[in-house]
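Below is one structure, written out as structure tokens, with a few remarks after it.
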Amino acid sequence: QVLFHLGEMVTATQSVSEDVLELLGTEMNYKVQVVSPEEEDRELLESFDITYGESTGGEEALEARPPVVTVMGHVDHGKTRLLDTIRKANVAEGEAGGITQHIGAYQVKTELEGNERLITFIDTPGHEAFTAMRARGAQATDIAVIVVAADDGVMPQTVEAINHAQAANVPIVVAVNKIDKEGANPAKIRQQLTEYGLVAEEYGGDTMFVDISAKQNINIDGLLEAILLTADAALDLRANPKMEAQGVAIEAHLDRGRGPVATVLVQRGSLRVGDSIVAGDAYGRVRRMVDEYNDDVTVALPSRPVQVIGFTSVPGAGDTFLVVDEDRVARQIAERRQARTRNAQNAAKFKRYSLEDLDSA
Ligand code: GDP
Ligand code: MG
């Protein structure tokens, strides 16, 4: 009614802009504050004295962590094959059997200038996973490897992947794949990609291009080296390993024997067996952690992906997680988030019904 008098023709269940809400508030003597879901969540955590998203302890507390890499590119250009080849070629010492389970991410050991280094790969190729996580405010990826088949060239999803990486401010390494194939033209790929702001180092730019064959296992080490060089040149990858763990859930499902199982990527802090944990609107106590070799893990440091058993329900892929002091706090945060989700769903339902009512009127 008030809005009608103000000349705003809206129905009771229609969404209105912030400005209109504020106007309505002024008119009715309320102070209206519009809060985004992100802000609301930050306030929720603050009410428990928790800040999510940054290492605590200042500069001195920071220690180097491995880069986290996502592989993107056009369909059939070799993303899955590349992730498989890297996984097989770089089995950690003492793990003769190799990686035994897909948990959504894995780490490989490699060498750069005589130093042993780790790289974390997110094992679900494609920009869907990448954007889903970003949409939830979790930036899991440090570097994007864009795979381009040398016999096919730059395709629509190549461009899309580049756009996503650039929008997220994530440096790109280009893997020019399938160089074993007849008709492969790696120079043409370099040429094509200049149009998208990716100029190869050898042409005076600052993007590393690496010619590989995922199928024939050619120059995979060169690619890993390029990833580390790009990380060292462009990024300051450090985190405080001594705080309570925070990060993101990469994958989660309900396992028949083990219950809810979630692969989380630790982004800062150390995740330990026994920790009270909350991921999105799921919570629990870390009963057990296993890695991609199905070995038990007692402490997971920053950039380490690990499968967590002990949630009471299944978190969503892309949900952020954090460790809290007490089970009670984890439960309360999860319940408050559940309530919020329910409210949003109810509001959406209500809106749908009303619009239908209007239609039939
Ligand atoms: P994705 O859709 O990007 O995940 O592509 P896949 O990894 O499934 O690869 C698509 C096809 O290309 C498969 O048949 C692979 O075996 C093949 N392939 C991938 N990498 C190479 C390569 O380096 N050389 C050749 N000749 N074939 C490859
Ligand atoms: Mg694939």
Side-chain angles (χ1 to χ4, degrees), residues 68-91 98-108 110 119-134 140-168 170-193 196 198 200 207-227 230 250-253 263 265 292 305 317-318:
V68 179
V69 177
T70 300
V71 174
M72 298 193 281
H74 196 71
V75 65
D76 281 347
H77 280 198
K79 299 176 294 293
T80 302
R81 189 69 185 242
L82 175 61
L83 282 161
D84 280 346
T85 303
I86 295 170
R87 189 192 294 112
K88 280 182 203 130
N90 284 268
V91 170
I99 292 175
T100 50
Q101 59 168 3
H102 284 249
I103 64 170
Y106 62 83
Q107 279 191 325
V108 297
T110 182
I119 303 175
T120 303
F121 282 91
I122 296 188
D123 204 359
T124 40
H127 56 255
E128 293 87 355
F130 183 83
T131 41
M133 282 186 212
R134 283 239 305 149
T141 303
D142 300 310
I143 292 179
V145 169
I146 308 280
V147 179
V148 191
D151 63 332
D152 199 22
V154 173
M155 299 299 275
Q157 285 168 281
T158 318
V159 177
E160 233 174 85
I162 292 167
N163 287 340
H164 285 304
Q166 287 174 340
V170 169
I172 289 170
V173 173
V174 180
V176 181
N177 191 30
K178 306 200 187 185
I179 55 158
D180 60 290
K181 282 185 90 166
E182 216 173 301
N185 189 350
K188 188 174 145 213
I189 308 296
R190 285 165 174 74
Q191 171 59 36
Q192 286 181 325
L193 284 178
Y196 302 94
L198 300 178
T207 303
M208 297 197 75
F209 282 64
V210 190
D211 297 340
I212 62 162
S213 167
K215 190 173 180 182
Q216 312 250 351
N217 199 356
I218 297 169
N219 203 23
I220 301 302
D221 287 344
L223 176 61
L224 298 181
E225 189 176 312
I227 290 167
T230 300
I250 292 169
E251 186 275 344
H253 64 276
T263 296
L265 174 72
E292 60 270 41

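As the structure lists them, so they are numbered: ligands from 1, and atoms in each ligand from 1.
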Below 4.0 Å from any atom of ligand 1, is there a heavy atom belonging to H74? yes
Modelled atom types, side-chain donor and acceptor of N177 and H77, under 3.5 Å: no
Can you tell which of D151, D152, D180 gets a heavy atom nearest to atom 24 (N) of ligand 1? D180
Are D76 and K178 ion-paired here, with the side-chain N under 4.0 Å from a carboxylate O? no
Near S213 (heavy-atom distance under 4.0 Å), the atoms of ligand 1 are 22 (C), 23 (O), 24 (N)
side-chain contact (heavy atoms from CB on, under 4.5 Å) assessment of T85 paired with I212: CA-CA 11 Å; T85 303; I212 62 162; over 6 Å; no
Could an N or O of ligand 1 be found under 3.5 Å from any N or O of K181, whether backbone or side chain? no
Using the rule side chain to side chain contact (heavy atoms under 4.5 Å, CB included), only one of L223, I227, L224 pairs with T110; which is it? L224
Short N or O distance, A214 and ligand 1, threshold 3.5 Å exclusive: yes
T263 side chain vs I103 backbone, donor-acceptor pair below 3.5 Å: yes
At under 4.0 Å between heavy atoms, what of T80 touches ligand 1? The answer is both
Quick one: which of V147, V71, D76 has a heavy atom closest to atom 10 (C) of ligand 1? D76
Lys/Arg N to Asp/Glu carboxylate O, D84 vs R81, below 4.0 Å: no
State, yes or no, whether a side-chain contact exists between D211 and R190 at a heavy-atom distance under 4.5 Å. yes
Element-labelled atoms of ligand 1 that are located less than 4.0 Å from some non-hydrogen atom of V75: 2 (O)
Looking at ligand 1, does any of its N/O atoms fall within less than 3.5 Å of an N/O of K178? yes
